[in-house]
Amino acid sequence: MQFATWNVNSLTVRLNQLLDWLAANPVDALVLQETKLTDDKFPHADLEAAGYQSQWFGQKTYNGVALLTKVGSTDIVKNIPGFADDQARVIAGTVPHDSLGSVRLVGCYFPNGQAPDSDKFVYKMAWLTALEAWLQDELSRHPNLVLMGDFNVAPTDADVYDPIGWKDQIHCTVEERAHFDKLVGLGLTDAFRLFEQAPKPWTWWDYRNLAFRKNQGLRIDHILVSDALKARTTACAIDKAPRKNERPSDHAPVIVTLA
DNA sequence: ATGCCTTGCTTAGCAAGA
């Protein structure tokens with residue numbers, strides 16, 4: 001099976017690119033971030049015509065997440081239970097799996113955090129702490145779990161084009177990386193690093209400064225697999241192709257393959 | 001460099017992203 005994550009930075013602008021991508025990459029499930037749509041505007045009919053059933057959770061202007069699956073998903077959760085949040089950042093659901101029975105998919109748009117000394121950073125830390133507590137619970141109920149999305153964290157200096165320039169900057173702080181390690185400590189593995197990868201494996205490139213052309217980016221979109229799924233994970237790759245589109249998202253999709 | 005794009009909201013610049 002294949003699962004993927006993609007921050008589309010406005011589903012309104014990127015719908016046709018998404019449909020093209022799904023036609024070329026018929027993954028079993030895809031989580032989206034930054035749909036930037038209220039729920040009444042979600043294009044579920046277009047996605048259904050493309051062979052995908054949608055679960056969605058959005059808001060006006062900002063954030064917004066969705067879970068698209070070929071065969072449908074159950075036990076949907078929107079945002080972190082018990083964590084009061086007016087921002088739409090989490091959608092989780094369960095999909096059937098031939099030999100495992102089922103796999104729990106958790107799609108997240110982690111807070112950006114803006115700057116280490118900002119209120120938004122304080123919110124990011126609180127959100128991460130709440131996510132960890134909930135995921136510990138989720139993992140106990142669903143050993144076969146995949147956590148994927150835009151983490152807005154570059155886990156190591158190898159995930160940053162200019163580690164010196166980005167040192168202690170947002171996405172690269174000690175505190176954010178400690179939270180990433182905490183997620184790993186729950187029994188999750190960065191699927192991308194299970195495999196040998198080409199250097200400069202970014203998932204995001206700034207729209208400014210010709211960053212994509214110069215390949216100046218960060219690896220901040222991730223897929224983490226639970227211990228029970230680790231041995232069945234056979235590939236994980238970033239698809240840079242959509243970043244070359246006209247009017248692209250600034251993020252590229254990441255795909256994991258499970259046996 | 002309080003900049004550089006892009007998006008949404010609203011219609012001229014902001015807020016926010018990363």
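Keep in mind the model is a prediction, meaning the values are calculated, not measured. Each chain gets a letter, A, B and so on, in the order the sequences are listed, and its residues count up from 1.
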Check your understanding: Would one find more than 12 heavy atoms of other residues, nucleotides or ligands at under 6.0 Å from atom NZ of A:Lys214?
Key -> yes
side-chain contact (heavy atoms from CB on, under 4.5 Å) test vs A:Phe110 passes for just one of A:Leu128, A:Asp150, A:Ile220, namely A:Leu128
Side-chain contact check for A:Arg14: nearest option of B:dT7, B:dA16, B:dG17 is B:dT7
Per side-chain contact (heavy atoms from CB on, under 4.5 Å), A:Lys124 is matched among A:Asn152, A:Thr173, A:Thr129, A:Asp119 by A:Asn152
Between CZ of A:Phe121 and C1' of B:dA16 the distance, given in whole Å, is 18 Å
Regarding the side chain of A:Asn209, the nearest nucleotide among B:dA16, B:dC4, B:dT7 is B:dC4
Would you call A:Arg177 and A:Asp181 a salt bridge, taking side-chain N to carboxylate O under 4.0 Å as the test? no
Looking only at B:dA18, B:dG8, B:dT7, the nucleotide nearest the A:Thr61 side chain is B:dG8
Next on the checklist: Under 4.0 Å from OP1 or OP2 of B:dT7: is there any side-chain N or O of A:Arg247 that close?
Outcome noted: yes
Decide, yes or no, whether a salt bridge links A:Asp190 with A:Arg219 under the criterion of side-chain N to carboxylate O below 4.0 Å.
-> yes
A:Ile170 CD1 to B:dA16 C1', in whole Å, measures 13 Å
Rounded to whole Å, NE2 of A:His251 lies from P of B:dG17 at a distance of 11 Å
In whole angstroms, the gap separating C1' of B:dG17 from CG of A:Leu218 amounts to 12 Å
| message | At 4.0 Å (heavy atoms only), tell me whether A:Glu34 reaches a base, stays on the sugar-phosphate, or touches nothing. | response | sugar-phosphate
Indicate, with a heavy-atom threshold strictly under 4.0 Å, whether A:Asn112 touches base, sugar-phosphate, or nothing. base
Exactly one of A:Thr5, A:Asp221, A:Ile238 clears side-chain contact (heavy atoms from CB on, under 4.5 Å) with A:His251, and that residue is A:Asp221
Whole-Å distance, A:Arg89 CZ to B:dA16 P, equals 12 Å
For a quick test of reading the model: is some side-chain N or O of A:Asn152 closer than 4.0 Å to OP1 or OP2 of B:dA18? yes
Query - Sugar-phosphate only, base, or nothing, as touched by A:Asn63 at under 4.0 Å among non-hydrogen atoms - result: nothing
Please check the phosphate of B:dA18 (OP1 and OP2 only) for any side-chain N or O of A:Tyr109 closer than 4.0 Å. yes
### Query
What does A:Asp150 touch in the nucleic acid at a heavy-atom separation under 4.0 angstrom: a base, only the sugar-phosphate, or nothing?
sugar-phosphate
**Request:** With P as the reference atom in both, quote the distance from B:dC4 to B:dG13 in angstrom, rounded to an integer.
**Result:** 15 Å
Looking only at B:dG8, B:dA16, B:dA18, the nucleotide nearest the A:Tyr62 side chain is B:dA16
(Q) Is there a side-chain contact between A:Asn7 and the phosphate of B:dA18, meaning an N or O under 4.0 Å from OP1 or OP2? (A) yes
Of B:dC5, B:dG8, B:dA16, the nucleotide closest to the side chain of A:Tyr207 is B:dC5
Report yes if a side-chain nitrogen or oxygen of A:His171 is closer than 4.0 Å to either non-bridging phosphate oxygen (OP1 or OP2) of B:dG17; otherwise report no.
no
Closest to the side chain of A:Lys120, out of B:dG17, B:dA18, B:dG8, is B:dG17
Could you measure between the two P atoms, the one in B:dC14 and the one in B:dA1, and give it in whole Å? 22 Å
Taken to the nearest whole Å, CG/A:Asp206 to P/B:dC4 is 11 Å
To the nearest angstrom, the CG-P distance between A:Leu32 and B:dT7 comes to 16 Å
note: A:Tyr161, atom OH; B:dA18, atom C1'; distance rounded to Å ~ 10 Å
Of A:Phe110 and A:Leu11, the one whose nearest nucleotide on DNA chain B sits closer to the 5' end is A:Leu11
